[in-house]
Each structure stands twice: as structure tokens, then as C-alpha cells.
Amino acid sequence: MANTESSTSQLTIAETVISSRFWLGSSDYPSPDIMGAAFAAANPGFVTVSLRRQTAGQVKHNDYRHRIEEWLASSRAKLLPNTAGATSAKEAIHLAVLARELFNTQWIKLEVIGDDYSLQPDVFELVAAAKELQQQGFSVLPYCTDDLGVCEKLLSLGCPAVMPLAAPIGTGKGLLNPYQFQTLRSSLKEAVIVIDAGIGRPSQAMQAMELGADAVLLNTAVAKSNDPVAMASAFASAIEAGRRAYLAGVIPERDRAVPSTPNAGLPFWHQSAP
Amino acid sequence: MKLVINGESTEVATPESLFDLVVNHLQYPDESGRYIVAVNSELVTKDRWTDVALKDNDLVDILGVITGG
């Protein structure tokens, strides 16, 4: 997918070329083999991962880790560890520091959950964590709300992208507030904006890309589908098509019908009755 | 001695070092990159494991890779 775009539309974040605008989570697949096949079908720019306490046995027999490492070695994808589960800036910073050591990367998907039911971010703790982690040399990609002020603040702290949610995590509702997303896109013309969370179907990802999202990050919609490999391929096509449509320039909506075939030249055009 | 290992209070024979605890007592593989260790919520990089002595009630967290979204 990435190779079909011209170099002028290449996605670059923190001076790093990202090979694809489709970013994919590694969670909830039926098996490591199916996860690996879904990665091959998606060809994602980033693969998200996380870290948790593990026993010696879990460390020794970690088939998912093994398959993720195999995929990374054979592709241009990058690892994007997350701070999932953090509910304060302190917890998120702790997880990020541990993740940098475990995954040997400065990239971090910064999540600070503010509400257990909706899984919406706590933007105040998020901003505090982003400030500290940027100062520590991380490339912070924050999972945030679509609030313009919050996104501007995160960008002003040095975050190389913002990742507003389309809808609550795992709901599959798609872009709930396209008007607000268009406000973000038009206000933050130079910013990298990644739609993260809430995408359920390829048409929703395509809509976000048509409206100017720079990339889409999703997990559940692929992993929990009946056929994750086929669904990964469908999303890859949709995201590429949406990007192409955005670059081509989508026509503005109108309230009145306008004929696409001209009336001028009809054999009865402006003809007086005999 | 008593340590809190991965959130569980555990009695162990006093280890010589963090390395001794993790690799010899707990049988984690002696390899880099597969897991990391924090003591009292501070990361301890592997090159320091043999230098770190543990004391009663220290919190030892050993974290590995999981899938994530």
C-alpha cells in the first residue's frame, strides 16, 4: 500500500518515514498465526504492543511476542508500545519508561484513561505526561479527545502527532463527530492527525481518510471479525482509497440538484412552439 | 526474606543480587530484550542486576511483552 503513493504524500512523523497509513493493534486475535497473517495482509506502519507482569513461563513461551518479532524483521513496520491501563500521568510515565527499555524504541502511544466506562482519556493527566515524556526524549503519540485546544496543547509540547478517538474504544461506531474532525483538520493544517479507536468497518476508516486523517489506528475491527486476514486486507484498501480521495479533492456538498449533463444543445432547447 | 514479586508477597532465600533472584531463584531466562525488571517502581537495566542488593519488602516487578491495541 505504501509504495503506491508518491513521495510527496509520504507520511513522516518525528523525521521518520512511516511505511503505511494503516496502523494495527496486536491484541485479541484467535491465534499468533492469524495475527501474523493479518499483519501481512495489512502491511501496517505501526504495530501496537504493551507490557505486563509475567511469570518465567510466560516469558519463555510467548508465541505472540515471537510472531511479532518475526513480522518486524521481515517488514518496514515499527513497534508502538502503549501505556494502556494507566490512569494518571505518574503511571503512564512509569509504563513508558519501562516500555522504552523492553521494546528498545522511543515511540510511545500515550494513553491515560480518565473514565472506566467510556475509556475516554483524562486530558489533564495526558498533557502532564506528554510534557514529561517529550522532555525525556520520547516521541509521544497521544490518544486524545478531538478537542482543538487539547490537540493544540499536545502539539505545542512537541508531540509529533495527535491521535483523537473516532468513538469510544472497541465500539465500532466510526467517526461520531465528523464536523469536529474537519475543524481539527482545517485548524491544524500541518499537524499529523491519526484517528485512533472506535473504527468498526472499512467505510468508516475510509471516511476518516477522505476527511484528511493522516493515518488510522485500529485493532478490534480486524482481530474480532470472522476473518481477520480478509478484514485486514479490506481495511488496507479502504484506507488507501480514502487517502487518494482526500488528495484528489472531494467536491463540496450542495443542497440543490445540479445536472451533470448540460441542457444546452438539446433538440428542444429554447425552441418556440410552432 | 520477604519480597513482593509481581504483586504477590513471597518468601525467598536471600539472594545475592537482583540477578541471582531473577535468573537463579525465579528461573527467568538470562537473555536481554524479553523482559525488564523494576525494583520499587524504578527500572533496573540488566547491566546493573548484579550490583543491586534487595532488602525486605522490596517490590520486584518483572514485565514482558503482551499484545496491545
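In this structure, the side chains of A:Asp63 and A:Ser31 stay at 4.5 Å or more apart for every pair of heavy atoms. The closest side-chain heavy-atom distance from B:Pro15 to B:Met1 is below 4.5 Å. No side-chain heavy atom of A:Asp196 sits less than 4.5 Å from a side-chain heavy atom of A:Trp23. A heavy-atom distance below 4.5 Å is found between the side chains of A:Ile68 and A:Leu79.
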For this session: Take B:Gln27 and A:Lys60 through the side-chain contact (heavy atoms from CB on, under 4.5 Å) test and state the conclusion after the steps.
Result: CA-CA 10 Å; B:Gln27 301 281 296; A:Lys60 288 173 184 167; 4.1 Å; yes
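By the 30° and 60° cut-offs, the orientation of the rings of A:Phe39 relative to A:Trp71 is tilted. Ring-plane geometry between A:Phe235 and A:Phe22 is classed as tilted, the angle between the planes lying from 30 to 60 degrees on a 0 to 90 degree scale.
Most heavy-atom pairs under 4.5 Å with chain A, from the set B:Ile62, B:Ile66, B:Leu26: that is B:Ile66. Residue with the most contacts toward chain A among B:Asp61, B:Thr67, B:Ile5: B:Thr67 (heavy-atom pairs, distance under 4.5 Å). Of the residues considered (A:Asn82, A:Ile169, A:Val97, A:Leu98), A:Leu98 shows the highest number of contacts with chain B, using heavy-atom pairs under 4.5 Å. Between chain B and the options A:Ser26, A:Gly25, A:Ala84, the largest number of non-hydrogen pairs under 4.5 Å is found for A:Ser26. Your options are A:Val49, A:Asn219, A:Leu102, and the one with the most heavy-atom pairs under 4.5 Å with chain B is A:Leu102.
At a 4.5 Å heavy-atom cutoff, the contact between A:Asn62 and chain B is made by side-chain atoms alone. For A:Gln58, no part lies under 4.5 angstrom from a heavy atom of chain B.
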Give every donor-acceptor pair under 3.5 Å between a side-chain atom in residues 135-143 of chain A and any protein atom, sequence neighbours left out.
residue	atom	partner	partner atom	Å
A:Gln136	NE2	A:Glu132	OE2	2.6
A:Tyr143	OH	A:Leu119	O	3.0

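For residues 30-46 of chain B, a heavy-atom distance under 4.5 Å to chain A picks out B:Gly33, B:Arg34, B:Tyr35, B:Ile36, B:Ala38, B:Ser41, B:Glu42, B:Leu43, B:Thr45, given by residue number.
Side chains of A:Glu70 and A:Ser74: no donor on one and acceptor on the other come within 3.5 Å.
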